[in-house]
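Naming: A, B, ... by sequence-line order, numbering from 1 per chain.
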2 protein chains.
Amino acid sequence: MDQPLPRDPIAEAQRNWQRRGWEQQAAPMAAVTAIMRTQQLLMLRIEGVLRPFALTFARYELLTLLAFTRRGELPMSRASSLLQVHPTSVTNAVDRLQAAGLVDRAPHPMDRRTTLVRLTPDGRDLARRATDALNRDVFSDTGFEADDVEHLIRILARFRQQAGDFAAE
Amino acid sequence: MDQPLPRDPIAEAQRNWQRRGWEQQAAPMAAVTAIMRTQQLLMLRIEGVLRPFALTFARYELLTLLAFTRRGELPMSRASSLLQVHPTSVTNAVDRLQAAGLVDRAPHPMDRRTTLVRLTPDGRDLARRATDALNRDVFSDTGFEADDVEHLIRILARFRQQAGDFAAE
DNA sequence: TCCACATGGTTGGATGTCCAAGTATAGTCC
DNA sequence: GGACTATACTTGGACATCCAACCATGTGGA
């Protein structure tokens, strides 16, 4: 799984698609498959950097989201919306972060249905250190050129917006 | 998890990064996060289309890979390389596809370590029908403009190549 | 006031992915 | 030929994600 292949398997698939007569769909199929693979490569790199902190990317994202709020706390449901993952994924992440002493749960003062996730001092500290590591070891040199980064941001924002992720400005 | 947010949470994160003084890393961070999210959105769409066929994307990919080989068969390890997933993921997928009667396992005639995965007639038929559905319901209108598709293919191919996915041509 | 419906969170189940470790078979080198 | 190393696959374990179902709490209308 680690040796480079002699040729790009996605380009190969694209040619196969064309040969079968799916000319219109060949390029979009290749683009979609490339996104899948790129996500996987990036995730592996990120998780590698986070491993020394005993964090996964999912838990890191939650921790960092909390660190950017005013009071270091957020309703579970709000975290779910902002991270755009299923509520059960948040429950799962919070369970583990709480077991590690990085966050705790508190009742919402107004709405008894709601649970607040709250950063602990340890959690805040770890969020900072993990972010420093990611900035240093991943985001300072992703492997994308500067122009590519701008293109990706634009193209993918348009896609996400059109897919209903967020309202048109 | 389904209501659109009022603003783009990734653009928000990018601004937060800049405000904290990580100007250099802000845009790459946003690009990486956008790839993660886009992958998730695409995956949800694809799995939605495949659900009626009782296929997941992982199993679909294996089935289709086999359908594009000359004899409809491949060593497990070769499938692992071409799909660029861990060997255990292939074992897992083959177990389930085999239980569904879509593939079977056969010993390799030369190398007794090797197991061949082989498409059954049912498997070949389902691969064809699932591909038609994906071409019709996903790849004919991904939500990317034609120019974007070309950009993505180029940018992501460069990234994957540089990450060691495949050799320089 | 009371019931229907919406919202917030959790539990249980299915899947997929990776890693570590173990077994079996091949290949290499002295 | 025999030992060492490499390759192929599987098993067991840790995580994450989603979905379906369930319980508790809020809200709004008759």
Side-chain angles (χ1 to χ4, degrees), chain A residues 1-3 36-37 39-48 50-51 53-63 73-100 103 105-117, chain B residues 1-3 36-37 39-51 53-63 74-100 103 105-117:
Chain A
M1 182 186 161
D2 296 75
Q3 332 288 327
M36 303 287 194
R37 176 58 181 161
Q39 185 271 346
Q40 186 187 21
L41 288 168
L42 288 169
M43 186 65 95
L44 286 173
R45 249 165 87 179
I46 289 174
E47 304 248 273
L50 293 178
R51 187 153 313 134
F53 302 98
L55 283 179
T56 61
F57 187 54
R59 288 179 239 167
Y60 166 77
E61 276 194 298
L62 179 50
L63 226 45
E73 67 184 28
L74 225 43
M76 306 274 288
S77 54
R78 183 103 183 99
S80 170
S81 302
L82 290 172
L83 296 175
Q84 302 179 287
V85 295
H86 204 275
T88 48
S89 297
V90 176
T91 295
N92 187 312
V94 170
D95 284 350
R96 296 173 198 280
L97 288 170
Q98 186 167 21
V103 303
R105 275 181 240 236
H108 189 291
M110 311 269 82
D111 186 337
R112 287 173 31 210
R113 292 172 304 179
T114 300
T115 301
L116 296 174
V117 201
Chain B
M1 185 189 156
D2 296 73
Q3 330 291 327
M36 303 288 193
R37 176 57 182 162
Q39 187 271 346
Q40 186 187 21
L41 288 168
L42 289 170
M43 186 64 96
L44 286 173
R45 249 165 88 179
I46 290 173
E47 304 248 274
V49 172
L50 292 178
R51 187 152 317 134
F53 301 99
L55 283 179
T56 61
F57 188 54
R59 288 180 238 167
Y60 166 77
E61 276 194 299
L62 178 51
L63 225 46
L74 226 43
M76 306 272 290
S77 53
R78 183 105 182 97
S80 170
S81 304
L82 290 172
L83 297 175
Q84 301 179 285
V85 295
H86 204 276
T88 47
S89 297
V90 176
T91 295
N92 186 314
V94 170
D95 284 350
R96 295 172 199 280
L97 288 170
Q98 187 167 21
V103 304
R105 276 180 237 239
H108 189 290
M110 311 270 81
D111 186 338
R112 286 175 31 209
R113 293 171 305 179
T114 299
T115 301
L116 296 173
V117 201

> OP1, OP2 of D:dA16 versus side-chain N and O of B:Gln40: anything below 4.0 Å?
Replying inline: no

> Whole Å only: how far is the CG atom of B:Leu62 from the C1' atom of C:dT15?
Replying inline: 15 Å

> When the distance from CD of A:Gln98 to C1' of C:dT10 is rounded to whole Å, what number comes out?
Replying inline: 13 Å

>> Between P on C:dC18 and CG on B:Leu83, what's the gap in Å once rounded to a whole number?
In response: 11 Å

> Roughly how many Å is it from CG in A:Leu50 to P in D:dA14, rounded to a whole number?
Replying inline: 20 Å

>> Can you measure B:Leu44 atom CG to D:dA16 atom C1' for me and round it to whole angstrom units?
In response: 13 Å

> Nearest-Å distance, CG (A:Leu74) to P (C:dG8)?
Replying inline: 13 Å

>> Can you tell me if B:Arg45 has over 12 outside heavy atoms packed within less than 6.0 Å of its CZ?
In response: yes

> Any donor-acceptor pair under 3.5 Å linking the side chain of A:Thr115 with the backbone of A:Pro107?
Replying inline: no

>> Walk along nucleotides 4-12 of chain D from 5' to 3' and tag each nucleotide B, S or - by protein heavy-atom contact under 4.0 Å, base first, then sugar-phosphate.
In response: --BBSSBBB

> CD of A:Glu47 versus C1' of C:dG16: gap in Å, rounded?
Replying inline: 14 Å

>> For B:Arg37 versus B:Gln40, what's the shortest heavy-atom pair and its separation?
In response: NH1-OE1, 2.5 Å

> With a 4.0 Å cut-off on heavy atoms, is A:Arg59 in touch with a base, just the backbone sugar-phosphate, or nothing at all?
Replying inline: sugar-phosphate

> Below 4.0 angstrom from OP1 or OP2 of C:dA24, is there any side-chain N or O of B:Arg112?
Replying inline: no

> Rounded to the Å, how far apart are B:Leu41 CG and D:dT17 P?
Replying inline: 14 Å

> With B:Arg112, which residues qualify under salt bridge (Lys or Arg N to Asp or Glu O under 4.0 Å), at least two apart?
Replying inline: none

> Within the distance-only criterion (no hydrogens, no angle test), does the side chain of A:Glu61 pair as donor or acceptor with the backbone N or O of A:Leu83 below 3.5 angstrom?
Replying inline: no

> Going from OG on B:Ser81 to CE on B:Met76, what distance comes out if it is rounded to the nearest 0.5 angstrom?
Replying inline: 12.0 Å

> Under the side chain to side chain contact (heavy atoms under 4.5 Å, CB included) test, which residues partner A:Thr88, sequence neighbours left out?
Replying inline: A:His86

> For C:dG16, does either OP1 or OP2 sit under 4.0 Å from a side-chain N or O belonging to B:Ser89?
Replying inline: no

